[in-house]
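First comes the structure, then the notes that go with it.
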Amino acid sequence: MVKKIESLYTKRNDGRAFDEIRPIKVELGVIPSAEGSAMFQTGDTRAIAAVRGPRTFHPQHMQNPETGILRVNYGMMPFSVWERIRPGPSRRSEEISKVSEWALSSVIDLSGFPNTVVDVFVQIPQADAGTRVAGLNAAAIALAHAGIPMKEMLSAIAVGKIDKTLVVDINKEEEDFKEGEGSTDIPMAITSRKKDIALLQLDGKISPDKLKEAIKMGKKACEKILELQVKVLKEINNKVENE
Amino acid sequence: MDKEERQIVIPGETIVKGKEFLPGDNVYREGEEVIAKRFGVVEISEKHVRIIPISGVYYPRRGNTIIGTVVDITFNGWLIDFGGVQNAFLPVAEVPRYVNKNELREYLDFGESVIVKVWDVKSRGIDVSMKMRGYGKLSGGMIISVNPNKVPRIIGKEGSMVKLIKNATRCEITVGQNGKVWISGGSIEEEMVTKKIIEFIVENATINGLTEKVDKYIKSLKLNNDVEIIAEDTDKEGEQDG
């Protein structure tokens, strides 16, 4: 078990423990005109999510008479990273929108709202790796805030393998690690009650044993995130009084 | 009303355990546990568990009074937008006077506002009626929009809050459960004061002893002297609101 010492990555660049997440900041109702909204920040990664609806879905031929439809729109702001990002849909943002949509669809229940759509807009004003998981965390809070029926909550985390070391909540510098086996990024989303996996992606190489270990680490980290998500929602009234 | 504790729950949270509890609105059961399906405040009366939402879009219920605008006219009625998920349908038969079916626009035209009662809620949409007293077409005054989840605070217990505002400003007020409030007074100034008071209530909706606060706020606005005395009279009723 002491084989981990062989790894080239023995200490994290920001001094965190291998299973330690970055400092988190959560805010509710950042977009007052939306039905629900939230801001989620881990370290230097920040995501804003706004929920609109349920509202009638147009065009009509795309409506589903059995259930409402969820639409997720993910995008990075042009200034979110060092080099300007061209605004508008890209291959990457379309993919993330789609996987986020699938992950969130597994926890929400729109059967009471036929022929409608719920729009979730996720924007990243500042990125330092792990944007899709930050976006999912913000979106889950925003959906609950918007009063959308949900079977359970959702929290997400990215676990990484830097050379041979498994680390939780990787940042951009770790993601760019090139020596040895390089870096592997595993974003995952865990539901709050059943602890089911709602999203699991893998970018890089990893052995099956290591992957199982990574999921275990991710589930543990998600507990801490869930705690904060619950806390911000429960304190909705306290905040109003402080203003 | 035996339990005054207002517990906020989030989706997926276990509210109570036990087979004897009955899951109501926005709640589901899984084995022994009764689980929240929506973000809101828990209400347990007897063994009936339900969640009262504190945010989100307005969802109509039978008997609600709503204020909306005509957005479409069909061959036998009007479609009314009230800020909900779907539009409401007002059939010609539910209008308190004879309307020529070929000239529906003569009675209610596009963009005109109405106060209506929710008659039937189906998954396909809702039917509304204006055949009772107090319902009908709106003319004059202004309509303001507020968060529909704060409407109970504007109305107050048995209408105490609305009565308080009405007496203080001498304005006609109708609160729609969909978060639309119609204000009609003698002058624009009176209407603007009423709007200000309602916005004050919405901002401070979560505070305890809201009625007293609103009463104090109305006094700070320095309305006419004779009006103030009437406001003090209604104060006693309001205090029960707590």
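Every chain is numbered from 1, with letters handed out A, B, ... down the list of sequences.
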message: Surrounding CZ of B:R29 (heavy atoms of other residues, nucleotides or ligands, distance under 6.0 Å), is the total greater than 12?
response: yes
May I ask you to check whether over 12 heavy atoms, not counting those of B:E20, lie within 6.0 Å of atom CD?
yes
Next item on the list: Could you tell me whether A:K224 atom NZ has more than 12 heavy atoms of other residues or ligands within 6.0 Å of it?
Entry: yes
Whatever's closer than 4.5 Å to a heavy atom in chain B on A:A146 counts as backbone
Expected contact set for residues 106-118 of chain A against chain B at heavy-atom separation under 4.5 Å reads A:D109, A:G112, A:F113, A:P114, A:N115, A:T116
So, the part of B:I51 with a heavy atom under 4.5 Å from chain A: the answer is neither
Looking only at heavy atoms, the pair that brings B:S55 and A:G147 closest together is OG-N, 4.0 Å
Here the gap from B:E13 atom CD to A:R193 atom CZ, rounded to the nearest 0.5 Å, amounts to 10.0 Å
Exercise. If you draw a 6.0 Å radius around CH2 in B:W119, do more than 12 non-hydrogen atoms from other residues or ligands fall strictly inside?
Worked result: no
Heavy-atom nearest pair, A:P54 first then B:V57, reads CD-CG2, 3.4 Å
Rounded to the nearest 0.5 Å, the CD1 atom of B:I35 sits from the CE atom of A:M150 at a distance of 14.0 Å
B:Y28 and A:K151 have their tightest heavy-atom pair at OH-O, 2.8 Å
In terms of heavy-atom contacts, A:H145 and B:F39 come closest through CA-CD2, 4.0 Å
In this structure, NZ of A:K194 is separated from CD of B:E30 (nearest 0.5 Å) by 5.0 Å
Partner of A:L233 under side chain to side chain contact (heavy atoms under 4.5 Å, CB included), picked from B:I10, B:V9, B:I8, is B:I10
So the side chain to side chain donor-acceptor pair (under 3.5 Å) pairs with at least one residue in residues 214-223 of chain A (sequence neighbours excluded) are A:K195-A:E223
Could you check whether atom CE of B:M130 has more than 12 heavy atoms from other residues, nucleotides or ligands sitting under 6.0 Å from it? yes
